[in-house]
Amino acid sequence: MPLSSPALSLLAVTFALAFGSACVDRRCFEASDCEAPRVCNSEGRCVHECSVAADCPDRSECRDHRCRALPLPSLQCPADMVAVANAFCLDRYEASRSDSSATSAGSDESMARSAPGVLPWFPATTEKARQACHSAGKRLCQGYEWTQGCRGAAETAYSYGASYDPSACNGIDAFCDCASASCASVPLCPYPHCFNREAPGGQGGPCGAAFHVAPTGSFGSCKGEWGAFDLNGNVWELVDSSDGRDHVRGGAYNCGDSEALHRCDYEGTFGPPAQGFRCCADGTAAAPDAGLPPSPALDASTMADGSPFDASPAGRADGGCAEELADAGAEDATTPLDATAPEADAAGPGDAGAADAATLADAGVADAAAGDGACPVEMAAIGRFCMDRWEASREDATDAELGASAFPTSRPGVQPWWPISTAEARAACQLAGKRLCRADEWLESCAGPSLTAYSYGATYDATACNGIDAFCDCAGPSCSSVAACPYPHCYQQPSPAGSGGPCGASFHVAPTGSFPRCVDAWGVYDLNGNVWELIDSDDGQDHARGGAYNCGDSEALHRCTSEVTWGPPARGFRCCKDQP
């Protein structure tokens, strides 16, 4: 007997209930196939990464169904790594072979290194990457560590920010050339996604996308909050896994849809050829003040060793920096100063003079013109080179603390890195993919195209830069009986009744860029004063320029042409690099 219509409907529903689940249970292949915060597991199912702390590795917690590294009170990382959320250490750069260079990926696979300006190591398997990290005393990063290092505390979509920037990192969109022959008949330049636009006449291939792997750190803006470079693009980065598959993150130089594949939360297992990696480490807990030399705010009446400071010219043949010893040595060519005598510089106060002009011309500064090359945002283009806009500071420095990181930065509002030796400054600049500035470069920037005596102009200005004269306090008790305020050279005049010490000069190192008028023609700050700046040399001595916050005769020692080798304590530096 034929079934009625209601019966047929019931049978259909029963069939759907019995077998329908096989049709709607969709298998995932990548993390992007799942709705956040779920991820794709090894069985192809979208699951939460964790539900309780026990689901996560040691030294991590489960938060919002994602594993997050637990912070330590203070974390110390090797110089080639950065501290992520104060919880673990992450390589600054993608892993490279120890013999790699800017043009060769090398062949020595004994251990991984983290260095700028070299081709990254690829192709690689998870096991090979794991061994390379282990040989370097590190380990391959866990997936959750890599993601945390990429997204930062703000959990942005890309290491550099919330929105896709086609030129920030090394992706296929970064090499669009709308002036190339293949784009000649394209009426509208297809940038920023030129890879998705065919060349004229359907000739095949992207329009002007001459993409390629770049040396590590080549894209200065492709940098995360913690200081790691190239987390998005360049090469895919393997993360540790236990399911036998190679899990990669971060995208690469040749991803057609870089906007999607470069995201910090994208994970693939399809085995792309450009598989690289970087290493992680646990780091060590450090004391809060580890590696922090004192940052003195000295009273002008005492030297660094606590002995009375003599402001008179007697015994001050070194030119008079408050922390320097009286017997600075024969290297210092500064004429002994007398507070009551005319200025020691025969060219006249503040005037570049014939002697200075000759010095500058000999140094090749006469043709100093603003460069038009591409420099990183923290550097200024000067002639044929780039120079840090601010004195070098440690990466973790603040306006009050010197910090402990071995990685140098160029940024305003933080304590400069001092004291330091030439060898240490040279190594620090190299770590940042730069080099220590040469004497001719430093002088070219300071004197400017007009060959002035100071970075800010031809005439000494006691308040323009951070020098001892900038902190005169004529209203202070030590100056109460001084008939005429000795400013701008109060350091040169003893306090009333010869009671010892200069009148009101409470000098100290200031955060970078604190003196906005202390800037050269190209926007480089603090070339005069604050801390002496080391320049590269090969004679075994520390050559320093620009004077410091504590120089008794700032008018003489802050000059662009002043160079010393007596080893003042307040030695800082800044970095340079050749323009592309």
Side-chain angles (χ1 to χ4, degrees), residues 29-33 93-96 102-103 105 116-124 146 150-151 156-224 228-238 246-278 374 376 580:
F29 295 92
E30 317 295 347
S32 59
D33 294 337
Y93 304 97
E94 293 165 326
S96 58
T103 57
V118 295
L119 290 178
W121 181 345
F122 80 97
W146 191 98
C150 184
R151 299 187 69 179
T156 54
Y158 307 91
S159 63
Y160 51 82
S163 301
Y164 176 63
D165 182 342
S167 62
C169 298
N170 184 15
I172 206 164
D173 296 328
F175 291 94
C176 298
D177 179 11
C178 296
S180 68
S182 65
C183 297
S185 63
V186 176
L188 181 64
C189 182
Y191 188 88
H193 297 296
C194 66
F195 176 78
N196 293 317
R197 177 92 170 250
E198 285 190 356
Q203 297 165 6
C207 180
F211 49 91
H212 56 272
V213 172
T216 53
S218 295
F219 287 69
S221 57
C222 192
K223 182 180 180 182
F229 292 84
D230 301 323
L231 285 160
N232 311 111
N234 213 28
V235 294
W236 288 96
E237 299 188 17
L238 290 159
D246 290 335
H247 290 250
V248 291
R249 300 202 174 192
Y253 70 97
N254 58 348
C255 294
D257 188 357
S258 296
E259 185 168 6
L261 301 185
H262 281 200
R263 290 179 60 94
C264 295
D265 57 4
Y266 183 87
E267 180 175 348
T269 56
F270 50 86
Q275 291 187 164
F277 64 102
R278 76 178 70 214

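Atoms considered below: every heavy atom in the structure, side chains included; atoms not considered: hydrogens, waters and symmetry mates.
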Sequence neighbours left out, what passes side chain to side chain contact (heavy atoms under 4.5 Å, CB included) with Ser96? Give chain and number order.
Ser100, Arg113, Val118
So, does [X] use its side chain to make a donor-acceptor pair with the main chain of [Y] at under 3.5 Å?
X	Y	answer
Asn234	Thr216	no
His262	Ala252	yes
Tyr158	Glu259	yes
Thr269	Asp246	no

Could you state the interatomic distance from CG (Asn170) to NE2 (His212), rounded to the nearest 0.5 Å?
6.5 Å
CZ of Arg263 to OG1 of Thr156, rounded to nearest 0.5 Å, is 9.5 Å
Mind checking whether Leu231 and Trp146 have side chains closer than 4.5 Å, heavy atoms only?
yes
For a 4.5 angstrom cut-off between non-hydrogen side-chain atoms, does Asn232 reach Cys150?
yes
Dump the intermediate steps for side chain to side chain contact (heavy atoms under 4.5 Å, CB included) on Trp121 and Phe277, then the final yes or no.
CA-CA 8 Å; Trp121 181 345; Phe277 64 102; 3.8 Å; yes
Nearest atoms (heavy-atom pairs only) where [X] meets [Y]:
X	Y	value
Asp165	Tyr160	N-OH, 3.0 Å
Ser167	Ala174	CA-CB, 4.4 Å
Pro215	Ala102	CG-O, 3.7 Å
Gly233	Glu94	O-OE2, 3.4 Å
Ala260	Tyr266	O-CB, 3.9 Å
Gly171	Ser258	CA-OG, 4.2 Å

Test Glu237 against every option in Arg278, Gln275, Arg249 by the side chain to side chain donor-acceptor pair (under 3.5 Å) rule and name the one that passes.
Arg278
Parallel, tilted or perpendicular: ring planes of Phe211 versus Tyr253, cut at 30 and 60 degrees:
tilted
